[in-house]
Amino acid sequence: MDLLRRTRVLGQRYLDGLASPGEVAELEGLLQADPVAADAFALLSRLEADLSAQFSEEPYRLREAAVLEAIERHHRRRLWWGRGLRLAVAAGLLLLLCGSLLWWFGQPVFVEPVMAAGNVVLEGEVLVEGQAVEHLDDGSPLVVAGPTPALLRLSDGSRAQLEPKSEAVVHGRSEGFAQRFELIAGAGQFTVWKARDPFLVDTPAGSVRTEDSVFTVRLTKTDLRDPEIRAKQGVLAVFVRAGLVQVNTDKTYRLSARESREFVFRRVGDRVPEKRPASLVAVISEIKDGKLTVTVSRRSSLTHETLDVPASVRVFVDGKRAKRANLAKGMAVRIEKNDKGELVAIAAEGPSIAGKVKAITPRQIILVGRGEDTSYKVTPKVMVVLDRSKPGRPEDVKAGMEVVLKLSADGKTVLTIARREYAIPLIRGQIKAVDLKANTITLTGTAARSSLRQGEERTFTLGKAVPVMIDGKRLGLADLKPGTEVMLGVDRDGNTVVRIGTLIAVPAGRRQRDANDPRREGQRERDGADEQKRE
Amino acid sequence: MNPRDDFLEHFLHHEADLKAFIGSLVPDSHLRADVFQEVALTLWQQFDHYDRARSFGAWARGIAANKVLQMRQRSARFPIAFAPETIQAVLDAYERTECDSIDRADALRQCLRLLPPKSRELLALRYEHNLPCAEIARRLAGSLEAIYQSLSRIRGRLEECIRRRLSLQERVL
């Protein structure tokens, strides 16, 4: 078998999840050795992704095509009536002299059928308080009776197909959503068309929000023997046929076309309200009439929010207290809200720009660019941080240095020049010993998923002036006690310790759960690394 | 054009290709989605640093490759089968074979119409209903090997058809 054909066979098996470790290794060898083989693999993986996308979008496209066809039929019917009517008018005028106009006015005029407003039952049997209904008021609890599913057209134009015995409440427009649909039990398939505001399905286990998709939500109780446990535990399953949805449970997940996920929830009947973030990072896109419009980036989507900014809201610019008038379009801001979702503070900060110094003068710093170099204004008040142990001066910044510039909120002035640090690897473990004479620290690994495996011991060299922060307090190396759980930040050599800190304190119950969940160890290390980078 | 619209225009144009690239490195579909989201966020955050002289697709794939490697470094259990050198080889291959994903999708749609109904049914079972080959074989009362060979032949035909249509398009243009 020639190499190209072999690549295609192995590549397809790999993409189908059928390749053995030996086959994967063989495939890797081919990809590394032969660019033609690598090209073939690239085309294969593209086709795989295109087929998945194609088949997941097709039902959605067919539905859209059916709607368009129905609209077209309705339009043609109107045109036909219009033409017929005009012919009748012309015939009447020709044939009759007097009274022809009266005759024409007396003819029935085609009346465009008016779609019923509100929530309408299109198919199946829906009961409200035991009575079968065809229209649903917002807020009425409903049950789908009978052996067949019920199809509802909701007030925002979306559709819900509910399985028999499903229970729900249609709330209508609510809290920034075009439609809030509360699914209490059972399952439903939802078809949501693009609208200004998103559509929300609220369930006891979490909520699903979308702007334009076709998806299914199913609530089931787990099949456990103990009836008490069974009553308290269930599964929320979400399957997306087309489009994109966001699922909020204890975390936020995004599911795109053909994706599905199941979420276990603990107590049936407990409401899990839609979580509102305590703070948002956004960019000001408009300031008008005392209102602020911001663009918020949430993972792969952008949304806009318009906020009232009352006088009571605290405003900060570049870390200092400021006024609303100091906010300007284009500024990046952190928006703080209280538990009720009310705005309490806005903090504007400038971006951080990383680059290599080309030149620096008392008035400007120039960073090397790919095309053009970029110049930023520097003032005598600029803070320079090249060495964590002591403050620096602008004169210490040299051409060729890799730096990070923190700009003012208006993006014009450099506030801080810091030496660029690459992500510091973090190592978690329990202190076994600190030897100040030998300048070493020995850790025993405690985490299942960490670079220092559980039970493994390793000795690290302590760097110069290592900062130590234990439980929020700055300490010295001599204060470190064996048995303390710490995170070491190590230099790129993987051995020299540059900082020592402790984990963020967590409630005991959650700590126990975290200890049992190997996935959380890795997440905490990642969070720690992000914190280090931010500092 | 404001930065947001500028970014969206670039991103949406390359979204399908970026997903394909990530899919070639990350076999797990749930993890693939997580990686894609992280990459999308990083692209947005670093869009100011995007060099417009360079292909957005190449830049985005570079970031995706780094993201995958970072995840691999953070956790040995992150399921990436490929070594960094292989990832680089795939990255280079994607750059060499880059083409307009919208044209490719259109070509695929047309080529699918030319397939016999049974072939389309087989593809639907695999890609719409997301069934593994073993389950397809069970439902169609065929052998796993026969199903697998059929799928391979269909994919081969589709690839050839797409290639012809795209090259025809180039000649016409």
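Hydrogens, waters and symmetry mates are skipped; everything else that's a heavy atom, side chains included, is used.
For a residue to count as touching a neighbouring chain, one of its non-hydrogen atoms must lie under 4.5 Å from one of that chain's; by this rule A/R8 touches chain B with the side chain only. If you measure heavy-atom distances from B/R155 to chain A, the contacts under 4.5 Å come from both the backbone and the side chain. Using a 4.5 Å cut-off between heavy atoms, B/F21 makes no contact with chain A at all. Contact of B/L123 with chain A is made through backbone and side chain together, with heavy-atom distances under 4.5 Å. Proximity to chain A (any heavy atom under 4.5 Å) is shown, for B/L43, by neither the backbone nor the side chain. Heavy atoms closer than 4.5 Å to chain A are found nowhere in B/D48, neither backbone nor side chain.
Checking side-chain atoms of A/Y14 against main-chain N and O of B/S24 turns up a donor-acceptor pair under 3.5 Å. The closest donor-acceptor contact from the side chain of A/D410 to the backbone of A/K412 lies under 3.5 Å.
Just one of A/L27, A/L31, A/V24 meets the side chain to side chain contact (heavy atoms under 4.5 Å, CB included) condition when paired with A/L10; it is A/L27.
Remark: aromatic rings of B/Y50 and B/H10 are close, center separation under 6.0 Å.
Ranked by heavy-atom pairs shorter than 4.5 Å toward chain A, the options B/G23, B/A105, B/A124 are led by B/A124. When the candidates A/A25, A/P35, A/A40 are compared by the number of heavy-atom contacts under 4.5 Å with chain B, A/P35 comes out ahead.
For the residue pair A/R254 / A/Q246, a side-chain donor-acceptor distance below 3.5 Å is found, with atom types taken as modelled. Residues B/Q88 and B/D92 bring a donor and an acceptor atom of their side chains to less than 3.5 Å of each other.
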